[in-house]
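Reminder, nothing fancy here: chain letters follow the sequence lines and each chain counts from 1.
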Amino acid sequence: MSRQYLVGPPGAGKTGRLIDRLVSLLEQNVRPDRVLILAPQQSQARIFRAALARVQGAHRPRGEPDIHTIYSLARQHVSLFFPLIAPVAGFGNPAQEPMVINVEAVQYLVDRFVQPRLADFADLKLPRPRLVRQIIDNMNKASVCGFPLDQIAERLGAAWTGDAQRLVSYRRAQEVALDFRRFCLARSLLDFSLLMDLFARYLLPARSYQDYIAARYRHVLADNLEENPPVAHDFLRLLLRTCDSALLAEDDPGGYRLFLGADVESARSLRRHCDEVTRLDEVFVASPAIVSFSLALMAQFDEQAGKQTRPRPASDHPLPPALGDHPGVARYWTEMVDWVVEHIRRLLAGGARPSDIAVLAPFVEDVLRFELEDRLRADGVGVWSVRPSRPLYDHPLVRALVALARLAHPHWQQPVPAGELARALASLIADLDVARGQLLADAALRAAAAPGLPPIEDPAVWQRVGVRFQAPYAALCQWLAGWSAQTRADPTQAESAPLDRFWQEVFSDVLAHPGFTPHVAPANAAICDRLIRSALAFREAMQRAGPIDMMPHHEDAGVPGIAPRPLSATTFDPGLEYITILSQGLLGAQYALEREQPAPDLPGANDILLAPVYTWLTNNFRSRYQFWLDVNSLGWYERIYQPLTHPYVLSRRWKPGAPGMAWTEADEHRERQAMLRRLVGGLLYRCSGQVFVASSRLGMSGQEEAGPLERALRRVIETA
Amino acid sequence: MLDAAFVFSQQSLGDFEACPRRFYLRYIARLAWPASWISGPDAARHQARLRRGALLHRWIERHWLGIPAQAPASQPLPDGDDGAADNLRIWWQRFLDTDFGDLPAQRLPELSLVAALGRRRLLARFDLLAIETAGRAVIVDWKTSASPTLLDTASMRRRLQTRVYLYALATAGAACNGGLPIEPARCHLWYWLANFPEQPWLRIGYSDAEYRADYDRLLALAEDASRRAGEREFPLTDDERHCASCAYRALCRRTGGPAGISFENDEADQSLLEDEAFDPED
């Protein structure tokens with residue numbers, strides 16, 4: 001068998017070939033645990049697990065191949081080999097078992113290092129959570145590219161051509177990263193960057209580890225190499241030396257996970273270590289019309305292409321068959337949504353299923369989801385959205401659980417305002433709307449003699465609100481009173497019942513029961529589950545981290561809508577810390593419910609998919625019909641403003657110190673064009689039916705935009 | 001309806017046997033339900049105990065792979081259980097003191113086998129498989145529970161884990177035996193009991209007759225679970241004792257009475273060491 005490298009557009013059958021190879025290996029009686037499958041993310045790993053069901057006949061008895069992402073593999077192997085690498089990697093106590101910490105804990109801890117240095121970053125005018133995330137991004141990129149943290153400022157500085165103050169910010173950001181790294185090494189805490197750094201710089205070069213993987217993995221299958229960072233390619237390069245067979249696949253166009261260090265050039269360097277490179281050009285997903293439209297549109301972003309063409313109104317010329325209709329051009333954003341909904345209705349009337357349809361935009365705000373849901377509800381069509389950057393705190397149930405925690409922990413001195421209590425009650429009690437929740441909240445605040453949720457005895461209130469809500473309210477109220485009494489009577493109870501357990505117990509004892517939202521709509525329980533897991537992982541990380549400092553975050557008082565941390569706080573309470581960072585939006589939605597694809601045959605499995613463009617691509621979705629929204633938005637083209645980090649400069653191919661390594665406007669333009677080219681290509685090759693494009697002259701916030709995608713679309717349509 | 005790619009395990013078959021509705025909620029509806037069946041300090045102690053078990057498994061895996069083991073004496077260990085953090089050190093020492101000379105020479109730690117079960121598949125994840133060509137194949141399972149049930153051979157022989165492991169080895173063992181099947185008579189399951197130094201091993205053999213009986217029983221369970229569709233066809237259990245340690249009991253409007261920590265719920269859970277962090281790639 002050979003080492004083969006496949007390259008081709010999405011939908012050319014590469015994954016199918018990998019699956020065929022897997023089945024073939026098992027049918028040849030290869031020991032299954034000697035096969036490694038490397039996928040860029042867990043959702044793609046599932047494809048291979050499902051394929052195992054295809055193995056038939058006498059070969060059905062078998063074991064289980066190792067199916068990993070590079071992160072899950074690194075994590076497992078670093079944990080296993082930790083005693084070998086800890087003594088040489090700078091750990092304060094190499095004998096202490098490592099603890100992998102979650103992103104919440106990392107954000108919190110980095111934030112604590114940033115806090116005293118905020119003035120150093122004042123000129124950047126960045127909200128603190130974004131500042132923290134960019135410092136973490138830098139650490140992560142350094143680790144997956146294989147360079148040490150103390151090169152970050154040098155690399156960024158060498159590429160910077162503006163104000164010298166930025167160089168100071170780079171150095172300060174690097175100092176925070178290095179302080180955080182020392183902190184983790186002293187406590188055997190492994191954040192993503194340290195874990196990947198251990199993997200890249202200590203485990204991969206270790207002879208005993210190389211022997212282990214050489215013996216363990218005799219056959220290698222890797223999909224979407226271009227979405228992996230260089231450290232994954234380093235690992236594969238090692239295996240290519242020793243394995244019996246390898247089949248590696250690259251999507252072209254691809255490389256969308258740039259923000260996580262994906263490196264197409266690094267992936268392609270593996271071709272040199274393969275016996276054969278096979279180009280697959282025939283596609284099985286996109287129709288010929290879509291392919292030709294894709295090629296024409298991608299060509300628009302090649303250097304100098306199409307610059308001389310003057311666009312004319314879209315309706316003047318024939319429609320390319322890849323497009324479902326002429327571009328929808330509205331004056332107002334809501335009219336654009338109307339246009340989209342109207343076309344969705346037509347598709348459904350023509351026999352399409354909702355799950356055939358994806359609505360894609362550079363950014364997906366709550367209001368877009370709401371507007372789509374609201375308009376499509378009458379048609380009995382739901383919307384399933386995937387928005388990884390949505391803050392966890394945006395979920396109404398999460399806010400409600402936070403409100404309950406504040407009520408139950410009066411010593412936090414975070415009173416719950418009436419409006420917040422009203423929304424919390426409406427989220428928790430089944431069928432209670434916010435208006436009636438407000439009546440209850442007002443009555444509760446009138447009746448409150450002490451912190452907490454008081455009983456409401458006034459029959460007039462229940463007459464207005466509805467008697468059926470009395471029992472669930474009373475149950476909640478009694479439970480909270482019982483909890484408070486218990487913790488007052490036994491101060492140790494507060495310590496032995498931290499926030500995650502508070503939430504778990506209020507869920508078990510109250511919210512899981514009839515009369516409450518999770519009971520009548522169990523899918524809502526998932527968000528509670530995520531929150532509890534997140535809080536638990538945070539607490540455990542904080543226990544290992546130990547006291548950091550006892551100073552309150554004075555500046556929290558200046559965050560609008562966020563209850564300030566009490567200045568009297570003298571002890572470290574992980575629950576309070578967690579609530580604070582959660583309500584500041586520091587935590588992303590890695591734990592949020594809506595990323596979960598509904599299980600087949602369950603409600604929601606046949607909904608329309610709504611997603612940001614990059615999320616849809618990185619999840620490798622396929623859709624028969626695509627709606628591209630806001631095609632005139634610069635969001636399709638521009639990178640988010642990230643003054644402290646840089647995906648191209650913090651990559652392996654960027655050589656600091658080399659002549660001409662300053663990052664110029666021309667570099668930026670070239671990379672944006674190249675990315676937009678890959679982006680439209682990636683979308684179209686994953687479309688088996690038609691594309692609908694829409695824009696509004698005035699965006700959601702009333703701004704006018706004229707991005708390059710709309711211009712390119714016009715040129716392609718004009719020459720169709 | 002159960003997904004065609006679904007792989008059964010001792011856990012899922014056990015859930016189906018205990019309560020079809022629990023099986024439906026957990027594996028078909030995939031309903032995340034964060035209720036706990038124990039509360040207060042008991043929950044913390046239980047969690048710490050499971051974590052210590054998981055850590056012992058990791059150390060043992062390293063031992064078999066030839067990776068130098070930690071020096072447990074110098075480590076801070078998971079606490080929260082009546083000062084029982086020392087248990088881990090004691091277990092580890094007992095492990096080091098155990099004579100494994102009876103085990104076949106080839107040792108494969110943390111090995112997974114997937115065995116055919118009719119049209120379905122059955123996963124078994126062994127702590128250790130010790131195997132010799134044309135000789136015995138011994139599954140070893142490290143047990144850190146202090147439940148006296150572990151000493152009851154008849155009960156342990158009936159246990160679903162025992163039946164699933166031995167069936168999987170006899171059915172799918174060829175995958176790690178150079179393609180040669182392992183006859184039931186050569187299959188063994190040894191439980192190593194960390195809390196019972198006077199009787200550290202409980203050994204269970206296998207036979208053709210038991211293999212056939214296991215096949216019938218496991219297949220019947222898997223087929224029964226597979227042919228049902230919709231929540232209604234997965235009724236609540238009639239035996240409400242199963243509800244005592246079930247997280248879904250409030251959803252099902254069951255009380256289940258006070259929950260004790262049974263032996264079945266006291267297993268080391270490797271996922272406790274693995275599922276704490278955010279995978280930024282996912």
S.K.: Taking the six-membered ring for Trp, are B:F234 and B:Y24 parallel (under 30°), tilted (30 to 60°) or perpendicular (over 60°)?
M.R.: tilted
S.K.: Considering only heavy atoms and a distance below 4.5 Å, find which of B:V7, B:L108, B:N177 pairs most often with chain A.
M.R.: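 Result: the option with the highest number of such pairs is B:L108.
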S.K.: Taking every non-hydrogen pair under 4.5 Å, which of A:P518, A:A541, A:A86 racks up the most with chain B?
M.R.: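 Sorted descending by pairs with chain B, the first entry is A:P518.
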S.K.: Does one side chain, of B:R52 or B:T144, offer a donor that lies under 3.5 Å from an acceptor on the other?
M.R.: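 The criterion, which ignores hydrogens and geometry beyond distance, is not satisfied for B:T144 and B:R52.
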S.K.: Quick one: do the B:W59 and A:E97 side chains pair a donor with an acceptor below 3.5 Å?
M.R.: yes
S.K.: With a 4.5 angstrom heavy-atom cut-off, which part of B:L122 approaches chain A: side chain, backbone, both or neither?
M.R.: neither
S.K.: In terms of heavy-atom proximity below 4.5 Å to chain B, should A:L80 be classed as side chain, backbone, both, or neither?
M.R.: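 Contact with chain B involves both backbone and side-chain atoms of A:L80.
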S.K.: Drop me the distance from A:M99's CE to A:D191's CG, to the nearest 0.5 angstrom.
M.R.: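 These two atoms lie 13.5 Å from each other.
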S.K.: Is it the case that A:Q41 and A:T69 place a side-chain donor and acceptor less than 3.5 Å from each other?
M.R.: no
S.K.: Measure B:L25 against the heavy atoms of chain A and call it side chain, backbone, both or neither at under 4.5 Å.
M.R.: neither
S.K.: Name the option with the most non-hydrogen atom pairs under 4.5 Å to chain A; the candidates are B:A250, B:G66, B:P181.
M.R.: B:A250
S.K.: Shorter than 4.5 Å, heavy atoms on both sides: which option in A:D529, A:L195, A:L511 has the most such pairs with chain B?
M.R.: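 Top count of heavy-atom pairs under 4.5 Å with chain B: A:D529.
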S.K.: Under a plain distance cut-off of 3.5 Å, with no hydrogens placed, do B:Y211 and B:T171 share a side-chain donor-acceptor pair?
M.R.: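 Note: B:T171 and B:Y211 side chains meet the donor-acceptor criterion.
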S.K.: Which bit of B:L251 comes within less than 4.5 Å of chain A, counting heavy atoms only: side chain, backbone, both or neither?
M.R.: both
